[in-house]
Amino acid sequence: MAFNLTRMTVYALISSVEEDLREIIKSHISDKSLFPIELHDRCLGRIEKDIGAVFGDITLDEMVDYFDLGDTFQTINSNQKEFPSNIASSIKKLTKDFETLIPIRNRVMHIRPLNFDDLTKTSEICGRLKTSTEYSWNKVTETIDKLSEDSSFLFGLEVKNYDDLSLVSHNLPMPDFDETGLIGRDEEIKKIKQLCYGGFPVISIVGEGGVGKSALALKVAYELVEDDNPKFDAVVWVTSKTTQITVNEIKEIDGAISDSLGVIQEISTQTAGESSSFDDVIDYLANFKIALFIDNLETILDDNIKNFVSSLPIGSKIIITSRIGLGAFEFPVKLEGIEENYASQLLRSTAKARGVDALAKIEEKVSRRYVGRMHRNPSYIKWFVSCVQTGKAPEAVLQNSDLFLDFCMSNVYDFLSESAQQLTSSLLCAPGLKDIAELAYLNGFNSLEVQKSIQELMATNMLSQASKSKGASIKTTYELSELARSYLGKHHKPTQKFQKLIRDKRNKLNSLFEQQMSKRNGNNYSIKNVKFRDKADRIIVKMLMDSFGFISSGKHNQAITILEEAHRLAPDYFEVARFMAYFHQKSGNLNDARKQYELAIVLAPDTPQLHFWFGKFLLHEEENVDEAVEQFKLAHKLDRDSIDVALALARGYLFQHNFKGTEQTLRSIESSIEQSDLHQQKMYYDTEIQIHYRTADNLALEGQYRESLQSFEKMKNTFDDLDDSFKDHHIRKKLKKSQFTINKLLKNLQGDELDRVNGFNKWLEKESVS
């Protein structure tokens, strides 16, 4: 098995520490009975594993030769009196460093993925040992010197491991990220391990090429093998990776599995045996708990694979890596570029490991600019370092990265349907986040077509998604991922004709928005005034206004067709629900109208207009005064300055006979009523008149005739003070409603008060008929 330079360097350094520690033991201990029986037995087992058998009694030196790192320093610490005080004291002080080296040693010896800082930690500890004045670490010093002079000797070393006693069988390949470790994926590792132990049978790691799907899956696979309490009987790795990228070309991998039947046969070989059938494999997965990793699935994605995945028995798991998701079978984990700080760290670490000082020592801000241009893609970063290592200028590599883009996006674009390909072209012509409605308009798609195309592109990771809270709902928008935009711009650039088509449609959209804004009449509480969440709502707003025209002209079939499509395109937009409510209200379907008003408020609870319109519906259609007043109160709380809302609330209080509430509400807008429109002023004065005669009616019913008369006289004074333009037929009709109560007062009052009633009655007869 071939090992890379990083792993072999760590192996050489830790082995030299072990050798020096073994030499200390051999030089100062002569009685192997000082070693515990457990250590004696371990050494016998290692000897037998190494040479096949144990011949006779082993000597102390032979036994110590099979001590590992932990055995050595623990033996010295347990027998300090056998060693010179300076040595015993030194080893005691170094114990923490040795304990740090143990898990690193195990990762090297047991062929497990290295952490990004394993080489750094090992080098620092060995560097301190070399400069120690308490003991001469001869083997460590020799190894460090050889590494600095000529590291080629490393590839002649043989990694020996006698203690890999994993309870989980596996066929995992060597990790290819040893030189830096797997940087920036701790959270993803934790999440995927939890999923492996959870209830989902199929887990997919989906992302663009080079983003690190295979490395992440392999790291998780090794952690499943290393688990102290293993949940699987075996971990199986199968790959259909067919190409690899070098500095100059994308190479085909010799002997790579290139079809689904080949993958299934390989799964059979690694699990149930060479000549096993499909059913045998399924039986094997049912009888044993297997974690089956299938790498690079998109190259062989067809019905054979889907049938195999759908047949997975309970207990086993399939973990796939792919640029294209399976769809309904999986729990997808979408993998994107690593965070900027990790990407910069990866660039520096790779450059340092490969001796590319020009990159290892660049300023942090320059490093971050570089990785940003590489979309923080780990493979892109490593490929970039490799290119610079050959002598190419960094800027030249970044400006001519077609080869890497081809590698990342191969097997993806051609997989797309014609509609999805068109959608990518429109997004290339119209950069920036777009919602479903705008994408449908730009491409001439209906809601079903655009949603299906978006699902395709999301499955390939070519789209990035952004969500923004809008009231109680979330608006989702989409744009091409940075890597997809770079690739498409170089290899699938839209024609001039298509670019012009999209440009013309965008211009029409901008013109449409300007028209919509100019048509707004300034009254936020007009039924036709639509509240925009943002400019992107212009398409839906046009649909809503078209539907309003059809509703007004009684063409309800055309109206509902438009509204239903608007709902499919923007189910999160509260104005769609409001117009749907208005449609049902005009159609006489009050139950559905109420539901839609309530939905609109759920989507945008802090929009006063919605509470206002719902209140009007409750008041006039359902005659539910109490609920209407609650909605008007909510609207008034959200918009204290609105005359429309205040008047609606005042009249609601009036119908509840809450005359004090009515009067207080009217007083709150008294100073601004003269600046309002004529209709609002008439409502205001009409409400003032009604307060007085309704109060008079209530007082008369309670037998308070004198107080009732006083209220009528206030009504008279209020009316007399009105400008003649407000004394129209409507308000004079309201005066007539006083007649019944006046007749009661004529029967129940005497003397001067009776004269006052007669005077009021003559005034009423005159004014109510004018």
Side-chain angles (χ1 to χ4, degrees), residues 4-7 9-10 100 104 113-128 147-148 151 175-190 207-213 215-216 219 245 247 334-405 407-408 461 464 466 479 481-487:
N4 62 39
L5 189 62
T6 299
R7 184 175 292 266
T9 301
V10 174
T100 298
I104 300 175
L114 298 184
N115 291 343
F116 76 93
D117 57 352
D118 281 351
L119 176 57
T120 301
K121 287 181 178 179
T122 304
S123 298
E124 288 175 351
I125 291 171
C126 290
R128 290 198 295 272
L147 286 170
S148 64
S151 60
D176 60 0
F177 46 86
D178 274 349
E179 64 180 350
T180 60
L182 192 60
I183 294 175
R185 295 300 190 193
D186 290 349
E187 290 302 315
E188 289 88 347
I189 293 168
K190 181 179 178 182
E208 59 200 14
V211 79
K213 304 180 295 294
L216 176 60
K219 176 70 171 175
I245 188 169
V247 171
K334 289 187 177 290
L335 203 61
E336 298 179 345
I338 55 180
E339 293 179 15
E340 185 182 61
N341 60 318
Y342 288 125
S344 179
Q345 180 185 338
L346 177 62
L347 174 62
R348 292 176 180 282
S349 298
T350 307
K352 183 178 179 181
R354 298 182 185 179
V356 187
D357 290 345
L359 294 177
K361 297 177 181 179
I362 58 173
E363 294 181 34
E364 179 65 14
K365 63 180 181 181
V366 177
S367 175
R368 293 194 177 214
R369 279 203 300 269
Y370 280 168
V371 298
R373 292 170 67 182
M374 290 181 276
H375 320 302
R376 306 180 310 283
N377 181 297
S379 292
Y380 201 161
I381 293 168
K382 292 181 178 182
W383 178 77
F384 169 73
V385 174
S386 296
C387 291
V388 175
Q389 189 177 13
T390 65
K392 296 179 181 179
E395 194 58 39
V397 177
L398 290 172
Q399 292 182 27
N400 297 279
S401 54
D402 291 9
L403 181 66
F404 187 80
L405 293 175
F407 175 71
C408 288
N461 239 45
S464 60
E479 65 180 339
S481 68
E482 295 173 345
L483 206 62
R485 177 171 293 280
S486 298
Y487 171 78

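Counting non-hydrogen atoms of neighbouring residues, nucleotides and ligands closer than 6.0 angstrom, the CD atom of Glu479 exceeds 12 such neighbours.
Between Lys219 and Ile189 the shortest heavy-atom distance is CG-CD1, 3.5 Å. Contact detail for Asp118 and Thr122: the closest heavy-atom pair is O-OG1, 2.7 Å. Considering all non-hydrogen atoms of both residues, Tyr380 and Ser401 come closest at OH-OG, 2.7 Å. Nearest heavy atom pair, residue Leu182 against residue Ala215, reads CD1-CB, 3.7 Å. Closest non-hydrogen pair, Ala351 versus Val385, comes out as CA-CG1, 3.9 Å. Minimum heavy-atom separation, Gly210 to Asn377: O-OD1, 2.6 Å.
Scored by the salt bridge (charged side-chain N to carboxylate O under 4.0 Å, His left out) test, Lys121 finds Asp117 as partners (sequence neighbours excluded). Judged as a salt bridge (charged side-chain N to carboxylate O under 4.0 Å, His left out), and not counting sequence neighbours, the contacts of Glu188 are Arg185. By the salt bridge (charged side-chain N to carboxylate O under 4.0 Å, His left out) test, Glu395 is found to be paired with Arg373, residues two or more places apart in sequence or in another chain being considered. Listed by chain and number, the residues in a side-chain hydrogen bond (donor to acceptor under 3.5 Å, both in side chains) with Ser481 amount to none (sequence neighbours excluded). The ring pair (Phe, Tyr, Trp, His ring centres under 6.0 Å) search around Tyr370 returns Phe384, not counting sequence neighbours.
The salt bridge (charged side-chain N to carboxylate O under 4.0 Å, His left out) pairs that include a residue from residues 345-361 are Glu179-Arg354, Arg348-Glu364, where partners are two or more places apart or lie in different chains.
Using a 4.5 Å cut-off on side-chain heavy atoms (C-beta onward), Ser349 and Ile183 make contact. Counting heavy atoms from C-beta outward, Lys382 and Leu346 have side chains that approach closer than 4.5 Å. A heavy-atom distance below 4.5 Å is not found between the side chains of Thr9 and Ser151. For the pair Arg368/Asn341, a side-chain contact is recorded, criterion being any heavy-atom separation below 4.5 Å from C-beta on.
In this structure a side-chain-to-backbone donor-acceptor pair under 3.5 Å is present from Lys213 to Glu208.
Put simply, CG on Leu483 and CD on Glu336 are 11.5 Å apart, with the number rounded to the nearest 0.5 Å. Atom-to-atom distance recorded for Ser367:OG and Glu340:CD is 8.5 Å, nearest 0.5 angstrom. Between the SG atom in Cys387 and the CG atom in Leu403 there is a gap of 7.5 Å [rounded to 0.5 Å]. Within the model, atoms CZ of Phe404 and CG of Leu398 stand 12.0 Å from one another, a figure rounded to the nearest 0.5 Å. Here the straight-line distance linking atom OG of Ser344 with atom CZ of Arg376 works out to 12.0 Å at 0.5 Å rounding. Taken to the nearest 0.5 Å, the OG atom of Ser486 stands 12.5 Å off from the CE atom of Met374.
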Trace of the side-chain contact (heavy atoms from CB on, under 4.5 Å) decision for Leu119 with Leu114: CA-CA 9 Å; Leu119 176 57; Leu114 298 184; over 6 Å; no

